[in-house]
Trainee: 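My structure is below; once you've seen it, I'll send some questions.
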Amino acid sequence: MERETVTFYELLGGTSGIRRIVEAFYPKVLQEPLLAPLFPKDITPVMEKQTEFLTQFFGGPPLFSEKYGHPMMRARHMRFPVTRERADAWLGCMRRALDEVGVEPALRDAVMERLQGPAYHFVNS
Ligand code: HEM
């Protein structure tokens with residue numbers, strides 16, 4: 001039998017599942033004193049970009065690159081002072097968002113492990 005690779009994209013319910021996570025995530029970001037000041041008042045465009053990015057990052061179609069080109073995500077974060085404390089806070093919001101939408105703990109932990117590398121890689125201050 002042929003082996004198939006199941007992606008996080010599929011396990012999280014595709015783009016609509018990822019959108020639900022993103023919709024749970026940003027309200028937490030905006031409640032987080034370390035993170036909120038970095039973000040614009042109108043968070044809707046950021047949510048859309050994040051849904052497109054995470055779709056692609058987790059193995060789905062390249063929705064982000066189709067619109068915006070190469071992600072270069074660390075470079076895109078350079079205009080913001082990303083500290084280790086902010087990376088921890090970002091990851092904390094994401095973990096709580098995954099819990100809130102009911103992602104089961106084993107999958108949640110695997111997703112968190114996948115996001116930890118990039119989050120700490122974006123630290124620039
Ligand atoms: C480490 C802590 C992080 C902080 C403090 C942070 C903060 C920010 C801020 C302030 C923006 C810009 C919002 C705006 O448009 O004005 C942004 C954009 C974005 N972030 Fe992060 N971020 C972090 C980690 C991550 C991680 C781990 C990912 C994904 C793996 C990510 C994905 C994105 C995406 C896709 C955008 C939109 C990029 C664009 O405008 O083209 N971020 N982030």
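Counting convention: from 1, in listed order, for ligands and their atoms alike.
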Trainee: At less than 4.0 angstrom from any non-hydrogen atom of F64, what atoms of ligand 1 do you find?
Mentor: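 This gives 41 (O) as the contact atoms.
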
Trainee: Considering only protein heavy atoms, which is closest to atom 3 (C) of ligand 1, and at what distance to one decimal place?
Mentor: W90 CD1, 3.3 Å

Trainee: Name the closest protein heavy atom to atom 16 (O) of ligand 1, giving the residue it belongs to and the distance to 0.1 Å.
Mentor: P40 CD, 3.4 Å

Trainee: Please classify the Y68 to ligand 1 contact at 4.0 Å (heavy-atom distances, strictly less than): side chain, backbone, both or neither.
Mentor: neither

Trainee: Identify the closest protein heavy atom to atom 7 (C) of ligand 1: which residue and atom is it, and at what distance?
Mentor: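 Of the protein heavy atoms, F39 CZ, 3.4 Å lies nearest.
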
Trainee: Have a look at L98 and tell me which of E100, M94, R95 forms a side chain to side chain contact (heavy atoms under 4.5 Å, CB included) with it.
Mentor: M94

Trainee: Would you say P81 and L38 make side-chain contact, with heavy atoms under 4.5 Å?
Mentor: yes

Trainee: Quick one: look up the protein heavy atom nearest atom 22 (N) of ligand 1 and list residue, atom name and how far away it is.
Mentor: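 Answer, as residue, atom name and distance: H77 NE2, 2.9 Å.
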
Trainee: Counting both backbone and side chain atoms, is some N or O of R76 under 3.5 Å from an N or O of ligand 1?
Mentor: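 For ligand 1, there is an N or O atom that lies under 3.5 Å from one belonging to R76.
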
Trainee: Write out the residue and atom name of the closest protein heavy atom to atom 40 (O) of ligand 1, then the distance separating them to 0.1 Å.
Mentor: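 The closest one turns out to be K49 NZ, 2.9 Å.
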
Trainee: Specify the protein heavy atom at minimum distance from atom 33 (C) of ligand 1: its residue, its atom name, and the distance to 0.1 Å.
Mentor: Q50 NE2, 3.4 Å

Trainee: So, taking the atom named NZ in K49 and the one named CZ in R76, what distance separates them when rounded to the nearest 0.5 Å?
Mentor: 6.5 Å

Trainee: Give the atoms of ligand 1, by number and element, whose distance to some non-hydrogen atom of A87 is under 4.0 Å.
Mentor: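 Checking each atom against A87, I get 1 (C), 2 (C).
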
Trainee: Please list the nearest protein heavy atom to atom 15 (O) of ligand 1 with its residue and the distance rounded to 0.1 Å.
Mentor: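 Of the protein heavy atoms, V46 CG2, 3.7 Å lies nearest.
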
Trainee: Does V103 reach the side chain of L11, with side-chain heavy atoms less than 4.5 Å apart?
Mentor: no

Trainee: Assign the ring pair F64 / F53 to parallel, tilted or perpendicular, where the plane angle (0 to 90°) is split at 30° and 60°.
Mentor: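 Ring orientation, 0 to 90° scale: perpendicular.
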
Trainee: Using a 4.0 Å heavy-atom threshold (strictly under), name the region of F57 that reaches ligand 1: side chain, backbone, both or neither.
Mentor: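 None of F57 does.
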
Trainee: Looking at CG of L91 and CD of Q116, how far apart are the two atoms once the value is rounded to the nearest 0.5 Å?
Mentor: 6.0 Å

Trainee: Measuring only between side-chain heavy atoms, which start at C-beta, is P71 closer than 4.5 Å to Q56?
Mentor: yes

Trainee: Going by distance alone, is a donor N or O of one side chain under 3.5 Å from an acceptor N or O of the other, for T51 and E48?
Mentor: no

Trainee: Counting non-hydrogen protein atoms only, what is the nearest one to atom 29 (C) of ligand 1? Give residue, atom name and distance.
Mentor: F53 CE2, 3.6 Å

Trainee: Run the numbers for me: atoms of ligand 1, each under 4.0 Å from some heavy atom of V82, listed by number.
Mentor: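 Near V82, the atoms of ligand 1 are 1 (C), 2 (C).
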
